[in-house]
Amino acid sequence: MSDTILILGACGQIGTELTQRLREIYGSEQVIASDIREGDAAFLNSGPFEIINVLDRDRILEVIQKYKVTQVYLMAAMLSATGEKMPLKAWDLNMQSLLHVLELAKDKHIQKVYWPSSIAVFGSTSPKINTPQQTVMEPSTVYGISKVSGEHWCNYYHSKYGVDVRSLRYPGIISWKTKPGGGTTDYAVDIYFKAKEEGTYECFLSKDTKLPMMYMNDAIEATIQIMQAKKEDIKMRTSYNLAAMSFTPEEITEEIQKHIPEFTISYNPDFRQEIADSWPQIIDDSAARADWNWNHKFDLELMTKEMLSNIGTKNNELLTAL
Ligand code: AKB
């Protein structure tokens with residue numbers, strides 16, 4: 001039987017590109033996009049779309065039954081910076097949606113679940129350099145608390161009920177097609193847009209704040225790769241560390257200046273600095289590389305070329321609408 005995929009939160013930064021890529025692989029009709037509100041016309045026209053509030057379990061089930069869905073990718077979440085402004089709302093959204101989907105999988109309405117975790121599961125007591133797969137995890141943000149708890153729920157549903165749930169701890173994800181919203185790593189997307197559009201950028205993190213980052217193409221490939229991996233190769237049922245590169249605002253600035261020499265940056269750290277300071281600088285993702293052959297393609301140099309050559313082009317105008 002072929003797979004039918006439901007994406008919850010399909011209009012977000014990762015959901016948009018994931019939907020597009022999954023439709024290329026599985027066929028448009030096999031990939032049901034959904035979000036709490038309608039996306040752009042181009043997005044709606046590229047395949048089936050349903051309005052779903054991820055807090056409404058019955059509605060998720062209705063759509064699963066309507067399309068005979070076999071896999072769910074739960075991409076809806078409130079990120080670190082917004083989560084600190086609305087802690088209880090972030091907790092409700094991030095946890096309840098996951099528990100709904102895990103319950104639906106436990107009751108055999110679906111066969112496989114993807115749920116993203118984050119480097120935010122780590123806190124200031126975790127090692128900052130080469131942060132291991134398994135280590136101390138005492139997150140300081142509500143987003144991090146929800147992700148670390150979610151990881152344990154995934155592991156629990158897998159070991160107790162055999163639910164096939166798979167997860168990755170995303171670093172900051174950088175893309176030119178859809179902008180992120182409410183994250184601490186968002187500066188690394190904004191900086192490219194401002195460099196192209198205004199030639200200058202005020203950064204909300206200090207110049208030497210090193211964080212793990214990844215180009216969107218790698219994030220999408222990793223997501224699909226872990227979902228397509230053989231069951232027995234998935235040894236971590238909490239979530240896998242995932243890495244590609246780490247850099248500071250100063251280092252990304254220098255890379256951009258190779259293409260736009262007149263680009264300038266100033267620094268005005270805000271409440272997000274404390275969040276960033278609690279996170280790892282470099283992640284050890286050797287478990288993902290060993291277990292299911294993860295390998296990144298994009299480094300800072302290649303990503304910068306891609307970002308700057310696509311922002312502001314016809315390509316970008318079209319794809320932003322997806
Ligand atoms: C955020 O900054 O909150 C996210 C993340 C690292 O999970 N991009």
Side-chain angles (χ1 to χ4, degrees), residues 9 12-18 73-87 89-91 93-95 97-98 114-124 126 128 131 137 139-151 154 167-193 203-206 209-220 222-223 238-249 252 269-285 288 296 298 303 307:
Q13 187 205 13
I14 302 175
T16 303
E17 293 195 41
L18 185 62
Y73 288 64
L74 170 53
M75 307 309 290
M78 196 183 289
L79 299 187
S80 57
T82 312
E84 290 310 283
K85 294 185 181 151
M86 322 180 212
K89 231 178 159 173
W91 174 259
L93 175 69
N94 295 355
M95 289 322 309
S97 56
L98 174 61
Y114 178 77
W115 178 77
S117 185
S118 160
I119 56 162
V121 292
F122 300 110
S124 51
S126 313
K128 285 212 174 301
T131 311
M137 287 196 277
S140 60
T141 60
V142 70
Y143 174 64
I145 298 170
S146 74
K147 289 296 178 189
V148 89
S149 310
E151 286 192 9
C154 290
S167 176
L168 298 172
R169 291 175 183 150
Y170 288 137
I173 307 293
I174 296 159
S175 61
W176 52 269
K177 292 186 189 170
T178 312
K179 288 195 186 175
T184 302
T185 57
D186 294 5
Y187 93 85
V189 176
D190 297 342
I191 194 169
Y192 286 113
F193 279 85
C203 186
F204 57 76
L205 297 181
S206 66
T209 309
K210 192 188 272 279
L211 287 170
M213 301 280 183
M214 180 174 286
Y215 190 50
M216 179 65 87
N217 294 29
D218 275 340
I220 299 293
T223 305
T238 46
S239 188
Y240 277 95
N241 278 7
L242 189 74
M245 62 185 111
S246 287
F247 55 77
T248 64
I252 190 174
D270 65 14
F271 73 100
R272 289 168 280 194
Q273 184 66 48
E274 202 180 317
I275 302 177
D277 287 342
S278 76
W279 286 352
Q281 295 182 359
I282 300 171
I283 291 276
D284 173 2
D285 65 349
H296 72 279
F298 288 83
M303 176 177 77
M307 288 294 287

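Start at 1 and go down the list; that is how both ligands and their atoms are numbered. Along the sequence shown, residues are numbered consecutively beginning with 1. Atom set for the values below is all heavy atoms of this structure, side chains included, hydrogens, waters and symmetry mates excluded.
With a 6.0 Å cutoff to the six-membered ring centre and a 45° limit on the axis angle, Lys210 does not count as a cation-pi contact of Phe247.
The backbone N or O of Thr131 lies less than 3.5 Å from a partner atom in the side chain of Asn241, making a donor-acceptor pair.
With 3.5 Å as the limit, one finds a donor-acceptor pair spanning the side chains of Trp176 and Tyr215. For the 3.5 Å distance criterion, the side chains of Ser206 and Thr209 qualify, holding a donor opposite an acceptor.
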Pair up each side-chain donor or acceptor in residues 75-84 with any protein partner under 3.5 Å, not counting sequence neighbours, and list the distances.
{"from": "Ser80", "atom 1": "OG", "to": "Thr184", "atom 2": "N", "distance (Å)": "3.2"}
{"from": "Ser80", "atom 1": "OG", "to": "Thr184", "atom 2": "OG1", "distance (Å)": "2.7"}
{"from": "Glu84", "atom 1": "OE2", "to": "Val142", "atom 2": "N", "distance (Å)": "2.9"}

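In terms of polar-atom proximity, defined here as any N/O pair under 3.5 Å, Ser118 does make such a contact with ligand 1. Ligand 1 has a nitrogen or oxygen under 3.5 angstrom from a nitrogen or oxygen of Tyr143.
Of the protein's non-hydrogen atoms, Thr184 N, 2.7 Å is the one closest to atom 2 (O) of ligand 1. Atom 4 (C) of ligand 1 has Thr185 OG1, 4.0 Å as its closest protein atom, hydrogens excluded (heavy atom only). Ranking the protein heavy atoms by distance from atom 3 (O) of ligand 1 puts Ser80 OG, 2.5 Å first.
The Leu79 neighbourhood of ligand 1 comprises atoms 3 (O), with distances under 4.0 Å to a heavy atom of that residue. Listed by number with element, the atoms of ligand 1 under 4.0 Å from a non-hydrogen atom of Trp279 are 1 (C), 2 (O), 3 (O), 6 (C).
The aromatic rings of Phe204 and Tyr187 sit perpendicular, their planes meeting at an angle over 60°, well past the 30° parallel limit.
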